[in-house]
Amino acid sequence: MKKRSPTVPIDRKAKAIAKCIVFNKEIIPMTKPVGYYTSSTINDGSLLESLKEQYGQTFELMTRREKLFLISALAAQLCDQAPGRCRDEIYVVGHQVNSSLPAGDREGLIEALINQVRWGRSLSDTEVSPMK
């Protein structure tokens with residue numbers, strides 16, 4: 001009778017590695033294509049379609065710096081279009097996180113904030129305590 005190998009529970013690291021690809025002997029997490037996050041569809045002739053053709057479905061043909069620049073440019077534009085203004089303390093918080101947190105935590109904070117902007121609840125200007 002053939003022995004069965006024991007069932008080994010898959011831990012978080014193993015699950016994360018399963019969602020990775022190997023590129024030049026480096027394990028790289030796979031990301032979802034741009035169309036997953038946007039209203040872009042195949043062959044719709046949109047700017048997003050053109051960008052995907054030029055830079056790849058996951059923008060893998062952009063450098064890290066270019067991706068960060070686009071994040072910054074998009075965030076600045078969206079911020080300018082949002083009603084109200086930032087409390088002074090938020091400018092201080094921005095300086096604190098940039099000067100105190102390691103890069104990985106700042107990247108995680110960007111991801112968390114993006115999710116909050118898209119899917120979370122935000123205070124309205126009338127719910128914010130008066131600016132000092």
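Counting from 1, the numbers follow the sequence of the chain as shown. Everything quoted here is computed from the prediction, not taken from an experiment.
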Enter the distance from [X]:[atom1] to [Y]:[atom2] here, rounded to the nearest 0.5 Å.
X	Y	atom1	atom2	answer
Thr38	Lys52	OG1	NZ	6.0 Å
Gln96	Ile90	CD	CD1	10.0 Å
Ile110	Asp105	CD1	CG	11.5 Å

Path from [X] to [Y] over hydrophobic side-chain contacts below 4.5 Å:
X	Y	result
Leu47	Tyr55	yes
Phe69	Leu48	yes
Leu113	Leu74	no

Answer yes or no: are there more than 12 heavy-atom neighbours, outside [X] itself, under 6.0 Å from its atom [atom1]?
X	atom1	result
Phe59	CZ	yes
Leu123	CG	yes
Tyr37	OH	yes

Leu51 and Val34, any side-chain heavy atoms less than 4.5 Å apart: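 Contact flag for Val34/Leu51 side chains = no.
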So, for [X] and [Y], which heavy atoms are closest and what is the spacing to 0.1 Å?
X	Y	value
Glu60	Gln57	OE1-N, 3.6 Å
Arg106	Leu101	NE-O, 3.0 Å
Glu127	Arg121	OE2-NH2, 2.6 Å
Leu61	Gln54	CD1-O, 3.7 Å
Glu49	Asp44	CB-OD1, 3.3 Å
Glu66	Thr63	OE1-N, 2.7 Å

